[in-house]
Amino acid sequence: MSADKEPGSPESDSSPEAARAGHFVEQFVQDDLSAGKFGGRVQTRFPPEPNGYLHIGHAKSICLNFGIAATFGGICNLRFDDTNPTKEEAEYVRSIEEDVRWLDVGWQGDALYASDYFEQLYQWAVQLIQSGDAFVCDLTFDQIREYRGTLTAPGKESPFRDRTVEDNLDLFARMRQGEFPDGSRTLRAKVDMMASNLNLRDPVMYRILHASHHRTNDDWCIYPMYDFTHGQSDSIEKVTHSICTLEFEDHRPLYDWYLEKLKIDHPRQIEFARLNLTHTVMSKRKLLQLVEEDHVSGWDDPRMPTLSGLRRRGYTPESIRRFCELIGVAKFNGMIDIVQLENCVREHLNQCAPRVLGVLDPLKVVIENYPESKREELQAINNPEDPDAGQRTLPFGREIYIERSDFLEDPPKKFFRLAPGREVRLRYAYFITCRDVVRDPKTDEVVELRCTYDPETLGGKAPDGRKVKGTIHWVSTTDALPVEVRIYDHLFSVENPSDVPDGCDWLDHLNPESLNVLPDVWVEPSLANAQPGEIYQFERNGYFCVDPDSRPGRLVFNRTVTLRDRWAKIEKRQTAGK
RNA sequence: UGGGGAAUAGUGUAACGGUAGCACGAGUGACUCUGAAUCACUUAGUCUAGGUUCAAAUCCUAGUUCCCCAGCCA
């Protein structure tokens, strides 16, 4: 075979040395290229059904498919496998396109649809009838199941299997004309009722569905099954590598059967393990149920593993792509710890998120020796990881809020923050020392701290060289903005919610504390004009994304993820040790 | 009890007969005006049993465990 293939893009690397690079899918593609298959072309596709929103598992597939195309200088189509009008909606098409665009993996922006191939598919079905490879079957749903046999017992042939070509042609045409009610007949492939692979036991090719399709409207009342659509769609599009998940492995012989009977090209199908993440669910059926039963606020609820949910939560496309790269591609069906995902967003946000001071659980501090009328503008660094991010000013005054957790009356060992008599540094401001604790006489709760400051310590250092171990964040009470913050935790309290013991429901494991709204949060005034979608680091707290629910004068933030917190670990160990 | 897949540190993932490596986690320390980030070090693995071979995660045999398939869903 000649090796004069198209060179692909300049970036494509098809040198023999690269033959062992990358994961097994890349290796297969490389092998095919080296063997001169497909005319040296590589083409993939991402084929979602528009029956729900895309989730992080789809992102893995998107990155894989678009990544392979980019690596080998080929193209990747976004094709909607829209063969079931009863479950599919234009709204899902819209959201999927938005999410793929957002992920920024090189999609050209022109979606393809299996429904565009309906007429061709119909003609192919007619062709199979003519060649004696398909027949119209009058068996009911239940009868088809009964005739199919079981995993261990062979099936038996339909009594309608031997209809004449003429009868089949006539019946199939009348199915299309709408003469028969839903479920009354099917078109089936004549494969092998004895096959050990159940997909080969005369599978249904077409079913009657008097339902409006999101694109073809009422043009059709028969619709092809996925198995009779997918391979041919790939073939029409000249896809070379059809990458899908493991459960389609034993459908491959059927695709091959159709393609060979129709004598059309077919791609190499390669199966990989779908993504499973701890503390969440990934099936569209379950996600739909969460939405429909109002366990979440919608497909884009920031607790959802959907791309729109992650986006609203504050995840960036970069962080998701990085995650997909990190977890790899293999055939082992494992479960990835969700902390891997969280680390990816931390890693990216650490690079790009502007720093800001915000107090989630305010405790008032009065600096007794700071003049009542005095106000200062202090300089703060916007992002220590990015010198170009510049500086901003922070108003400082006599009364401030600090984080309640930064004060302890009876501090344990290694607690470096504020306590009676202790000195800490206020970020970008002065050293303060706690002199007195004010309590609510009724509840005994600490409501205020009386402190003094050292005017010589502005800039973070004391002239006498004394050190403080702790630096805490704060906001000026007279300048700070009140905002709402939504704190999220895992949607499910167990690692694998789909693993349900007898008598339990997967919904039993919903985490009742997955959403915690903090109504009384104060942030520095520089945030006044923050826009939805912007992500900030609240120093020492975490990353927070401005939610679209924000209104003028009332910002709403979603906590994307906390910062790593060594103190929390130490504290946990100390309490566990007691 | 049919068919199709898969098993490598806690979790993922490399190693393609020739030193079992990497990331995250976990642990220790350094540094630090974020207990963040950064840096250094440590920890820990080939499902089992046989066999082939100078040499096996890799090849062979037999077992074990897990996942998928009985939609007119995809």
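Convention: sequence-line order gives letters A, B, ...; per-chain numbering from 1.
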Can you tell me how far [atom1] in [N] sits from the matching atom in [M], rounded to whole Å?
N	M	atom1	result
B/rA55	B/rU19	C1'	12 Å
B/rC24	B/rA20	P	23 Å
B/rU61	B/rC68	P	27 Å
B/rC67	B/rG35	P	45 Å
B/rG63	B/rU1	P	11 Å
B/rC69	B/rG27	P	39 Å
B/rG51	B/rG12	C1'	32 Å
B/rU64	B/rU48	C1'	7 Å

Give one of base, sugar-phosphate or nothing for [X], where a contact means two heavy atoms less than 4.0 Å apart.
X	value
A/Leu151	base
A/Phe248	base
A/Val329	sugar-phosphate
A/His251	base
A/Gly183	base
A/Ile381	nothing
A/Phe141	base
A/Glu49	sugar-phosphate
A/Leu349	nothing
A/Arg425	base

Side-chain N or O of [X] less than 4.0 angstrom from OP1 or OP2 on [N]?
X	N	answer
A/Asn343	B/rG25	yes
A/Arg573	B/rG27	yes
A/Arg148	B/rG71	yes
A/Arg207	B/rC73	yes

Can you tell me if A/Lys413 uses its side chain to pair, donor with acceptor, with the backbone of A/Gln574 under 3.5 Å? no
Closer than 3.5 angstrom, by distance alone: can the side chain of A/Thr245 be matched with the main-chain N or O of A/Glu247 as a donor-acceptor pair? no
Would you list the protein and nucleotides 35-39 of chain B atom pairs, both N or O, that sit under 3.5 Å from each other?
{"unit_1": "B/rG35", "atom_1": "OP1", "unit_2": "A/Arg540", "atom_2": "NE", "d": "3.3"}
{"unit_1": "B/rG35", "atom_1": "OP1", "unit_2": "A/Arg540", "atom_2": "NH1", "d": "2.7"}
{"unit_1": "B/rG35", "atom_1": "O2'", "unit_2": "A/Arg566", "atom_2": "N", "d": "3.3"}
{"unit_1": "B/rG35", "atom_1": "N7", "unit_2": "A/Arg417", "atom_2": "NH1", "d": "2.3"}
{"unit_1": "B/rG35", "atom_1": "O6", "unit_2": "A/Phe416", "atom_2": "N", "d": "2.7"}
{"unit_1": "B/rG35", "atom_1": "N1", "unit_2": "A/Lys414", "atom_2": "O", "d": "2.6"}
{"unit_1": "B/rG35", "atom_1": "N2", "unit_2": "A/Lys414", "atom_2": "O", "d": "3.2"}
{"unit_1": "B/rA37", "atom_1": "OP1", "unit_2": "A/Arg564", "atom_2": "NH1", "d": "2.1"}
{"unit_1": "B/rA37", "atom_1": "O2'", "unit_2": "A/Asn350", "atom_2": "ND2", "d": "3.1"}
{"unit_1": "B/rA37", "atom_1": "O2'", "unit_2": "A/Glu385", "atom_2": "OE2", "d": "2.9"}

Let me know which of A/Lys156, A/Lys190, A/Arg161 forms a salt bridge (charged side-chain N to carboxylate O under 4.0 Å, His left out) with A/Asp202. A/Arg161
Rounded to the nearest Å, what distance is computed from the [atom1] atom of residue [X] to the [atom2] atom of nucleotide [N]?
X	N	atom1	atom2	value
A/Phe332	B/rA14	CZ	P	12 Å
A/Phe272	B/rG12	CZ	C1'	15 Å
A/Phe24	B/rA15	CZ	C1'	17 Å
A/Leu246	B/rG3	CG	P	19 Å
A/Asp250	B/rC69	CG	P	9 Å
A/Gln269	B/rG5	CD	P	12 Å
A/Leu254	B/rG3	CG	C1'	14 Å
A/Glu249	B/rG4	CD	P	10 Å

Decide, yes or no, whether a salt bridge links A/Lys87 with A/Glu49 under the criterion of side-chain N to carboxylate O below 4.0 Å. no
One thing to verify: whether A/Glu237 and A/Arg45 come together as a salt bridge, which I'm taking to mean a side-chain N less than 4.0 angstrom from a carboxylate O. no
Check the pair A/Arg268 / A/Asp31 against salt bridge (Lys or Arg N to Asp or Glu O under 4.0 Å), numbers first and verdict last. CA-CA 12 Å; A/Arg268 186 203 321 194; A/Asp31 291 347; 5.3 Å; no
Checking contacts here: which listed nucleotide (B/rC24, B/rA74, B/rU34) is nearest the side-chain heavy atoms of A/Thr83? B/rA74
Taking only the side-chain heavy atoms of A/Asn333 (C-beta and beyond), determine which of B/rC67, B/rA70, B/rC33 contains the nearest atom. B/rC67
Chi-based syn or anti call at B/rG71, which uses purine or pyrimidine torsion atoms and a 90° bound: syn
Comparing A/Gly328 with A/Gly459, nearest RNA chain B nucleotide closer to 5' gives the residue A/Gly328
Residue whose nearest RNA chain B nucleotide is more 5′ - A/Arg252 or A/Pro224: A/Arg252
Regarding [X] and [Y], is there a side-chain donor-to-acceptor distance under 3.5 Å anywhere?
X	Y	answer
A/Ser405	A/Glu403	no
A/Glu376	A/Tyr430	yes
A/Asp227	A/Tyr255	yes
A/Gln269	A/Asp234	no

Mind checking whether A/Phe172 and A/Tyr122 have parallel, tilted or perpendicular rings, split at 30° and 60°? parallel
I'd like to know whether the aromatic ring centres of A/Phe416 and A/Trp567 sit less than 6.0 Å apart in this structure. no
Only Watson-Crick and G-U wobble pairs, only distances under 3.5 Å, only runs of 3 or more: what stems does that leave for RNA chain B? B:2-7 with B:64-69, B:10-13 with B:21-24, B:26-30 with B:38-42, B:47-51 with B:59-63
Among A/Val345, A/Thr316, A/Thr562, A/Leu349, find the one that has a side-chain contact (heavy atoms from CB on, under 4.5 Å) with A/Tyr543. A/Leu349
Donor-acceptor pair present, A/Gln27 side chain and B/rC16 base, under 3.5 Å: yes
